[in-house]
Amino acid sequence: MHILCYLVKGLKFDPEIVTFALDLYFSGLALRKVARNLNDHFELDLSLSTVYSWIQRYIPKISENVNSLIPQLSNQWHVDELFVKMKGGETGKGQSGIAYLWNIMDRESRFLIASKLSEKLDINGAIQAFNEAIKNSHGNKPQTVYTDALRA
């Protein structure tokens with residue numbers, strides 16, 4: 001929360017209220033409920049349009065800041081693929097509209113390094129996921145990769 005307070009300086013409202021509003025929104029609350037919670041707890045008179053303007057104004061700044069962070073990763077990664085429904089995905093074995101979501105996570109920090117969608121469960125999808133992970137880890141490569149034994 002401290003980084004967020006730094007990014008939202010110079011407001012009419014307390015930066016902690018703005019960051020709390022953003023946190024509630026990203027926890028899954030609707031704008032109307034975020035405004036109601038803030039109004040009830042802090043005796044304010046916020047409208048949902050105020051909360052929405054904060055989201056529009058500060059999410060790009062927060063994203064820019066977060067994207068500049070370099071994660072502290074171990075030398076062990078976990079890789080797994082999930083079946084997901086997708087229009088135009090692979091068809092076969094009686095299934096249609098299936099795609100594959102490749103997730104690569106650091107073993108120690110549990111940081112999601114990459115998440116990549118592919119239409120087929122093949123080596124090309126795995127390569128794309130690993131290329132994304134290497135890019136996101138700023139060129140760091142693991143010594144050990146754990147999988148569920150999928151050859152790709």
Side-chain angles (χ1 to χ4, degrees), residues 1-9 11 14-38 41 48 50-152:
M1 281 294 216
H2 299 294
I3 291 173
L4 295 175
C5 287
Y6 170 76
L7 292 174
V8 296
K9 282 184 179 177
L11 289 175
D14 185 340
E16 288 187 16
I17 290 174
V18 176
T19 56
F20 188 50
L22 296 174
D23 185 51
L24 289 172
Y25 176 74
F26 286 110
S27 294
L29 256 56
L31 291 173
R32 192 173 311 283
K33 288 184 179 181
V34 171
R36 185 176 347 126
N37 277 313
L38 292 171
H41 287 87
L48 66 102
T50 300
V51 175
Y52 183 67
S53 71
W54 291 343
I55 290 166
Q56 287 184 311
R57 182 174 178 188
Y58 293 109
I59 294 310
K61 290 181 181 183
I62 292 167
S63 294
E64 182 180 308
N65 189 280
V66 168
N67 290 336
S68 70
L69 298 175
I70 298 173
Q72 297 296 314
L73 303 175
S74 70
N75 60 0
Q76 299 176 343
W77 293 356
H78 283 272
V79 181
D80 198 14
E81 75 289 338
L82 302 167
F83 300 92
V84 293
K85 288 186 178 186
M86 183 177 118
K87 188 175 181 178
E90 183 177 87
T91 58
K93 298 179 187 174
Q95 298 175 330
S96 64
I98 298 294
Y100 304 91
L101 181 64
W102 298 83
N103 290 316
I104 301 177
M105 182 179 286
D106 181 63
R107 182 180 175 111
E108 288 181 20
S109 68
R110 310 308 284 171
F111 182 82
L112 182 63
I113 303 167
S115 192
K116 194 77 172 168
L117 193 64
S118 68
E119 289 186 20
K120 296 184 178 184
L121 187 61
D122 61 5
I123 195 159
N124 292 328
I127 289 171
Q128 288 176 2
F130 271 101
N131 285 340
E132 182 77 15
I134 291 167
K135 182 183 101 185
N136 292 343
S137 68
H138 301 276
N140 294 326
K141 296 177 185 174
Q143 284 184 323
T144 308
V145 174
Y146 297 93
T147 70
D148 58 1
L150 180 68
R151 290 192 186 270

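- Taking each heavy atom of Lys120 and Tyr100 in turn, the nearest pair found is C-CD1, 3.4 Å.
- To the nearest 0.5 Å, atom CG of residue Leu31 and atom OG1 of residue Thr50 are 10.5 Å apart.
- The two residues Asp106 and Gln76 come nearest to each other via the heavy atoms OD1-O, 3.4 Å.
- Distance CD/Glu132 to OG/Ser137: 10.0 Å, rounded to 0.5 Å.
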Does the pair Asn75 and Thr144 meet the rule for a side-chain contact (heavy atoms from CB on, under 4.5 Å), with working shown? CA-CA 6 Å; Asn75 60 0; Thr144 308; 5.8 Å; no
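- Interatomic distance, Lys33 NZ to Leu24 CG, rounded to the nearest 0.5 Å: 12.0 Å.
- In this structure, CZ on Phe130 lies 9.0 Å from CD1 on Ile113, to the nearest 0.5 angstrom.
- Closest of all the heavy-atom pairs between Tyr25 and Val34 is N-CG2, 3.8 Å.
- Within 6.0 Å of CD on Gln56 lie more than 12 heavy atoms contributed by other residues, nucleotides or ligands.
- Evaluation of the side chain to side chain donor-acceptor pair (under 3.5 Å) rule for Asn103 yields Ser115 as partners, not counting sequence neighbours.
- With hydrogens and angles disregarded, no donor-acceptor distance shorter than 3.5 Å links the side chain of Asn124 to the backbone of Ile127.
- Contact annotation: the side chain of Ile59 approaches that of Phe26 to within less than 4.5 Å [non-hydrogen atoms, C-beta and beyond].
- Counting only heavy atoms from C-beta outward, the side chains of Thr147 and Glu81 never approach each other to under 4.5 Å.
- Taking each heavy atom of Leu38 and Trp54 in turn, the nearest pair found is CD1-CZ3, 4.3 Å.
- A donor-acceptor pair is defined here as one N or O able to donate and one able to accept, closer than 3.5 Å; no such pair exists between the side chain of Asp23 and the backbone of Thr19.
- Here CZ of Arg32 is found 13.5 Å from CG of Asn37. Values are rounded to the nearest 0.5 Å.
- Between Ala129 and Ala114 the shortest heavy-atom distance is O-CB, 3.8 Å.
- Across Val145 and Pro142, no two heavy atoms sit closer than the pair CG2-CG, 3.7 Å.
- Expressed to the nearest 0.5 Å, how far CG of Leu73 lies from CG of Asn136 amounts to 9.5 Å.
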